[in-house]
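Notes follow once the structure below has been shown.
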Amino acid sequence: PLTRARDTKLDRDVALKVLPDAFSPDPDRLSRFEREAKVLASLNHPNIGSIYGLGSKKQGGTFNARVLELIAGPTLRTASRRDRSRSMSS
């Protein structure tokens, strides 16, 4: 899941995608997480949010995360439920 966070250096809200702790020690999962970030960085489309950064931090453990553009609006789950209910009522 994505978490709303604050980029205090650039004074903006962002979305944070954290690799779960259970996957951090797995080199294959970490590699996939990084590859996905590179693919996302290579895309440029108005319907795809931008990636601002990829990082890891070690303070009592490993913390791997992607910093993404925060896009205002309903979550994908909310939007899909709304669309589903509309199609059922038609």
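This structure is a prediction, so every number in the text was calculated from the model and none was measured. Values below: all heavy atoms of this structure, side chains included; hydrogens, waters and symmetry mates excluded.
- Looking at every heavy atom in both residues, Ala65 comes nearest to Leu16 through CB-CD1, 3.9 Å.
- A heavy-atom distance below 4.5 Å is found between the side chains of Leu2 and Leu68.
- Every residue meeting the salt bridge (Lys or Arg N to Asp or Glu O under 4.0 Å) condition with Arg32, not counting sequence neighbours, appears here in chain and number order: Glu36.
- Across all their heavy atoms, Pro25 and Pro27 have their closest contact at O-CD, 3.2 Å.
- Arg12 meets the salt bridge (Lys or Arg N to Asp or Glu O under 4.0 Å) test with Asp7; sequence neighbours excluded.
- Atom-to-atom distance recorded for Arg6:CZ and Leu70:CG is 10.0 Å, nearest 0.5 angstrom.
- For Arg35, the salt bridge (Lys or Arg N to Asp or Glu O under 4.0 Å) test picks out no residue, with sequence neighbours left out.
- Rounded to the nearest 0.5 Å, atoms CZ (Phe33) and CG (Leu54) are 6.5 Å apart.
- By the 4.5 Å heavy-atom criterion applied to side chains, Leu40 and Ile48 are counted as neighbours.
- If you chain together hydrophobic residues whose side chains sit under 4.5 Å apart, Val18 and Ile51 never meet in one group.
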Checklist line | Full working for side chain to side chain contact (heavy atoms under 4.5 Å, CB included) between Asp28 and Leu30 | finding: CA-CA 5 Å; Asp28 291 333; Leu30 185 56; over 6 Å; no
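- At distances below 3.5 Å, at least one donor-acceptor pair connects side-chain atoms of Glu69 with backbone N or O atoms of Ser50.
- With values rounded to the nearest 0.5 angstrom, Tyr52 atom OH is found 15.5 Å from Arg66 atom CZ.
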